[in-house]
Amino acid sequence: MKIVTWNINGVRARIGNLTHWLTESAPDIVCLQEIKTVDEQFPRAEIEALGYNVEIHGQKGFNGVALLSKLRFDEVIKGLPGDEADEQARFIEGVFSTDKGALRVASLYLPNGNPIDDEKKFPYKLSWMARLERWAQERLRLEEALVLAGDYNVIPEPVDARFPENWLGDALFQPQTRQAFRRLLNLGFTEAVRAVTDASDTYTFWDYQAGAWQKNNGIRIDHLLLSPEAANRFSSASIEKHVRAWEKPSDHVPVAIDLALLPA
DNA sequence: ATGCCTTCCGCGGGAAGA
């Protein structure tokens, strides 16, 4: 079963790219981030026509996440618990039936957090990460195959940036950010890409500006975290980098994994 | 580092992104 995360940077602006990519890549489950639309304006019909079920947690103008799945949804939960006042649409989870039992997949869009001296933005990022850790701790107790995928806005290690020195003052590479990410991992997750390669040049994002793509000035910030039950079924991961060279690309590319699971 | 692009909203630049 192929599961992919992709920050699409506007699903309405990118619907042609998305349908082309779905046909080419043939994922079973897709975690989308930054759909930048309310549910009612999501281009549902074009995606359903390709055989996908669609669940959306949208928001006007920015943020917004979605799950696309060839499997039927047994359950859908929208929003990350822990702060009733948080109105930003950054989290959706779906549960599916497989030949090996339940599979839970979450699509997350972790706050950017810049600038770090803003009185709200970086604290919001860190508190969101703390909420995510609590959520993960609870979900891991279920002992399900769990894939926690999305745009984490975290550069985990220096090797995950072409020019790490450029990111020292950035929320994506702060010691507190990296520590919170390690705390999450240390609950018992396997980070899929780093489980199969320690290579540099495994980036998932290239800025639109200053010819970042042409210069390969990239960072790795889109991650898939696997519970032990998912990691035991995990065989491969790949970054679908060629999509960044398409016309009107997102600044992120799809990151895919394969799990030895079949629809029930 | 900033904002060299790009999206969104909505009609004119402003917010947001990373």
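As a basis for the values below, the full set of heavy atoms in this structure was taken, side chains included, without hydrogen atoms, waters or symmetry mates.
Residue-level contact check: Asp222(A) touches neither bases nor backbone, having no heavy atom under 4.0 Å from any strand. Asn217(A) comes within 4.0 angstrom of no nucleic acid atom, judged by non-hydrogen atoms across all strands. Arg90(A) comes within 4.0 angstrom of the backbone, heavy atoms only, and of no base. Residue-level contact check: Asn153(A) touches the backbone only, with heavy atoms under 4.0 Å from sugar-phosphate atoms and none from bases.
Both Gly211(A) and Leu110(A) lie close to DNA chain B; mapped to their nearest nucleotides by heavy-atom distance, the more 5′-ward contact belongs to Gly211(A).
dC11(B) and dA15(B) are spaced 15 Å apart, taking the P atom of each and rounding to whole Å. Distance check on atom C1': dG12(B) versus dA1(B) gives 28 Å, rounded to whole Å. Here, dT6(B) and dG10(B) have their P atoms 23 Å apart, quoted to the whole Å.
With sequence neighbours excluded, the residues that form a side chain to side chain contact (heavy atoms under 4.5 Å, CB included) with Asp201(A) are Tyr203(A), Asn216(A), Lys241(A). Residues forming a side chain to side chain donor-acceptor pair (under 3.5 Å) with Glu157(A) (at least two apart in sequence, or on another chain): Arg178(A). Partners of Asn166(A) under the side chain to side chain contact (heavy atoms under 4.5 Å, CB included) rule, at least two apart in sequence or in another chain, are Phe163(A). By the side chain to side chain contact (heavy atoms under 4.5 Å, CB included) test, Glu133(A) is found to be paired with Arg183(A), Leu187(A), residues two or more places apart in sequence or in another chain being considered. Among residues two or more places apart in sequence or in another chain, the side chain to side chain contact (heavy atoms under 4.5 Å, CB included) test is passed with Ala199(A) by Thr197(A), Thr202(A).
Nearest nucleotide to the side chain of Lys121(A), out of dA16(B), dC4(B), dT6(B): dA16(B).
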Write out a two-atom table: protein N or O, nucleotide N or O from nucleotides 9-13 of chain B, distance below 3.5 Å.
residue: dC9(B); atom: OP1; partner: Arg12(A); partner atom: NH2; Å: 3.3
residue: dC9(B); atom: OP2; partner: Arg12(A); partner atom: NH2; Å: 3.2

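Within a heavy-atom distance below 4.0 Å of DNA chain B, the residues of residues 13-25 of chain A found are Ala13(A), Arg14(A). Within residues 240-255 of chain A, the residues that have a heavy atom under 4.0 Å from DNA chain B are, in order of number, Lys248(A), His252(A).
Within the structure, salt bridge (charged side-chain N to carboxylate O under 4.0 Å, His left out) contacts touching residues 44-65 of chain A (residues at least two apart or in different chains) are Arg44(A)-Glu48(A). Applying the side-chain hydrogen bond (donor to acceptor under 3.5 Å, both in side chains) test to residues at least two apart or on different chains, the pairs with a partner in residues 69-80 of chain A are Asp74(A)-Ser97(A). Counting only residues at least two apart or in different chains, ring-ring contact (aromatic ring centres under 6.0 Å, His included) contacts with residues 54-89 of chain A comprise Phe73(A)-Phe96(A). Here salt bridge (charged side-chain N to carboxylate O under 4.0 Å, His left out) pairs that include residues 134-154 of chain A, with residues two or more places apart or in two chains, are Glu93(A)-Arg139(A), Arg104(A)-Glu144(A).
The shortest distance between side-chain heavy atoms of Lys2(A) and Val4(A) falls below 4.5 Å.
Using cut-offs of 30° and 60° for the angle between ring planes, the Phe181(A) and His223(A) rings count as tilted.
With 3.5 Å as the limit, one finds a donor-acceptor pair spanning the side chains of Tyr208(A) and Asn9(A).
Going from atom CD of Glu165(A) over to atom C1' of dT2(B) covers 16 Å, rounded to whole Å. When rounded to the nearest whole Å, the span between CZ of Phe205(A) and P of dG17(B) equals 12 Å. Here the C1' atom of nucleotide dT2(B) and the CG atom of Asp117(A) are 13 Å apart, to the nearest Å. Atoms CG (Asn9(A)) and P (dT7(B)) sit 7 Å apart, rounded to a whole Å. Separating the CG atom of Asp118(A) from the P atom of dG17(B) is a distance of 10 Å, rounded to the nearest angstrom. Counting to the nearest Å, the C1' atom of dA1(B) and the CZ atom of Phe173(A) are 15 Å from each other. Taking atom CD on Gln214(A) and atom C1' on dC4(B), their separation rounds to 12 Å, with Å as the unit. Between Ile219(A) atom CD1 and dA1(B) atom P there is a gap of 12 Å when expressed in whole angstrom units.
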